[in-house]
**Student:** 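The structure that follows is given in the form of structure tokens.
In listed order, ligands and their atoms are each counted from 1.
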Amino acid sequence: MDYFEYRNGELWAEGVRVKELAERFGTPLYVYSKKTLERHYKAFDNALGELDHLTCFSVKANSNVSLLRLLGERGAGVDIVSGGELYRALKAGIDPRRIVFSGVGKQEHEIREALKADILMFNVESAQELKQIGRIAAELNTTARISIRINPDVDPKTHPYISTGLKQNKFGLDMLEATGAYLLAKETPSVEPVGMDCHIGSQLTQIGPFVEALKKLLAFADRLQGSGVDIRYLDLGGGLGITYNEEAPPLPAELGQAIADTISGRKLTVILEPGRAIAGNAGILATRVLYTKKTSAKNFVIVDAAMNDLVRPSLYGAYHRIGEVNPKGREKIVVDVVGPICESSDFLAQDRRLPAMEPGEYLAVFSAGAYGFTMSSQYNSRPRAAEVIVDGSRVTLARQRETYADLIALEI
Ligand SMILES: *Cc1c(COP(=O)(O)O)cnc(C)c1O
């Protein structure tokens, strides 16, 4: 459920006309709805209401500082995967004790920065990383709280590029290796094993794989207890899917219920790391039609947003719903919506039924709030898009459109 809707024959973002935003800020333009973000965050927070829990928004889904601040003010923690994301989170005022650090290749300086910030815990992905964290923590005279990321070998039934919990994936440790890592952690004075973690994939549309992973983790945690390792935090990662097209993913409340039922009675703090499910449908990408052209094979709608702005269609063949900002009730034709970039993979939609558009009209690419701007680039020397946050009838510029000068600012 989101607050982008058609009223009086045009598309609104909460209390603001999208056309007005496009004209005022230019296109391509990312538009986020504050009410939608809050609603989705609350849905997760309430989903685990009965359990001791922490909702850590995954910064890689949308790392805009204003957006992070908005979530932080509502009590959200964050899941980070780099020093840069730590920097953003701290700038956004996120409580460090609500920050978990994931990722398979944490660098020495990043570990140091996170230890100095006193984050809640590191989700550790290898024995070498564990030793590195232990060494740096000792050097800084501190203790690193860690969890081991378990690869539970569960099929999340999603796109192969966004499956992360299968044994052929690079993420986490299997339980045998993890046992060794926990024992090593226990013997390392500068490391305190407090949690267990997994993240099995993204855009999951079923609860089954979550529950399967959870059961494996709980059984493993019970076995570890016998070795004197006391797991207090159980981090189930992110991954809940959203509706891009016709998917019907479970609601956070259903996931929460399934977790509560499975955990029943144990004294654990449950952490979830949703990214897409909070931000995905809280954002759209507004774009302007530049030209249309009809070839012997296809109808093309050429727009000013491209794969550098939103790469998901090119990268994963992902589907994003596209709609007119000002519908005119025209008959639909089958078109490819493409950008100006010199790559055949530069498309936002292929073989899509859309009205015959005219140059200068605006289109909205829906479900663009997660893995949209954060995956954007300057390819073809295209300055990155602006981002705005709508709050009722108020609009805040959350990131200026880049300029040509920005393109070369760091070049010597
Ligand atoms: C990407 C990622 C997430 C967020 O995934 P979503 O599908 O956006 O919810 C959470 N945790 C980890 C470790 C991740 O890598």
Side-chain angles (χ1 to χ4, degrees), residues 37 40-41 43-44 47-48 54-63 67-68 71 76-82 84-86 89 98-106 110 114 119-126 129 146-152 154 156-166 169-173 195-207 209-210 213-214 217 233-244 247 249-252 255-256 259 270-283 312 315-316 318 367-375:
L37 279 167
H40 293 171
Y41 170 70
F44 273 95
L48 295 174
L54 184 56
T55 306
C56 290
F57 176 66
S58 171
V59 175
K60 77 177 192 285
N62 191 316
S63 57
L67 191 141
L68 297 179
L71 291 172
V78 294
D79 170 48
I80 57 167
V81 293
S82 70
E85 288 190 353
L86 174 64
R98 291 172 183 264
I99 298 179
V100 297
F101 192 170
S102 302
V104 75
K106 299 176 194 75
E110 295 175 318
I119 64 164
L120 176 60
M121 64 182 184
F122 293 85
N123 290 336
V124 174
E125 303 221 13
S126 68
E129 180 196 335
I146 63 110
S147 79
I148 303 290
R149 177 163 176 180
I150 309 299
N151 183 331
V154 166
K157 303 189 170 69
T158 183
H159 191 287
Y161 284 11
I162 49 179
S163 293
T164 51
L166 285 167
N169 297 133
K170 70 178 174 184
F171 298 102
L173 294 175
M196 188 177 285
D197 158 61
C198 75
H199 170 74
I200 56 175
S202 205
Q203 185 54 12
L204 272 67
T205 54
Q206 298 168 34
I207 293 226
F210 283 107
L214 173 57
L217 261 57
Y233 294 96
L234 199 69
D235 182 342
L236 292 173
L240 194 63
I242 63 170
T243 304
Y244 285 100
E247 306 92 330
L251 294 170
L255 177 62
I259 293 171
V270 175
I271 298 177
L272 289 180
E273 305 170 347
R276 191 187 311 272
I278 287 182
N281 280 325
R312 299 188 67 258
L315 189 62
Y316 311 122
S367 314
Y371 307 104
F373 188 89
T374 51
M375 291 181 102

**Student:** Do Asn62 and Thr374 get their side chains close enough for a donor-acceptor pair, meaning under 3.5 Å?
**Tutor:** no
**Student:** If you take all heavy atoms of Glu129 and Asn123, which pair is closest and at what distance?
**Tutor:** OE2-O, 4.0 Å
**Student:** Testing the basics here: between Leu48 and Gly256, what is the closest heavy-atom pair and its distance to 0.1 Å?
**Tutor:**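 Closest heavy-atom pair between Leu48 and Gly256: CD2-CA, 3.9 Å.
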**Student:** Looking only at atom types and distance, does a side-chain atom of Arg149 sit under 3.5 Å from a main-chain N or O of His199, one as donor and one as acceptor?
**Tutor:** yes
**Student:** Can you list every protein residue that has a heavy atom under 4.0 Å from any atom of ligand 1, sorted by chain and residue number?
**Tutor:**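 Its neighbours under 4.0 Å (heavy atoms only) are Ser58, Lys60, Asp79, Ser102, Arg149, His199, Ser202, Gly238, Gly239, Glu273, Pro274, Gly275, Arg276, Tyr371, given by chain and number.
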**Student:** What's the shortest heavy-atom distance between Arg276 and Ile242, and which atoms?
**Tutor:**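 Residues Arg276 and Ile242, closest heavy atoms: O-CG2, 3.6 Å.
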**Student:** Report yes or no: is the cationic atom of Lys106 (NZ for Lys, CZ for Arg) closer than 6.0 Å to the six-membered ring centre of Phe101, at no more than 45° off its axis?
**Tutor:** yes
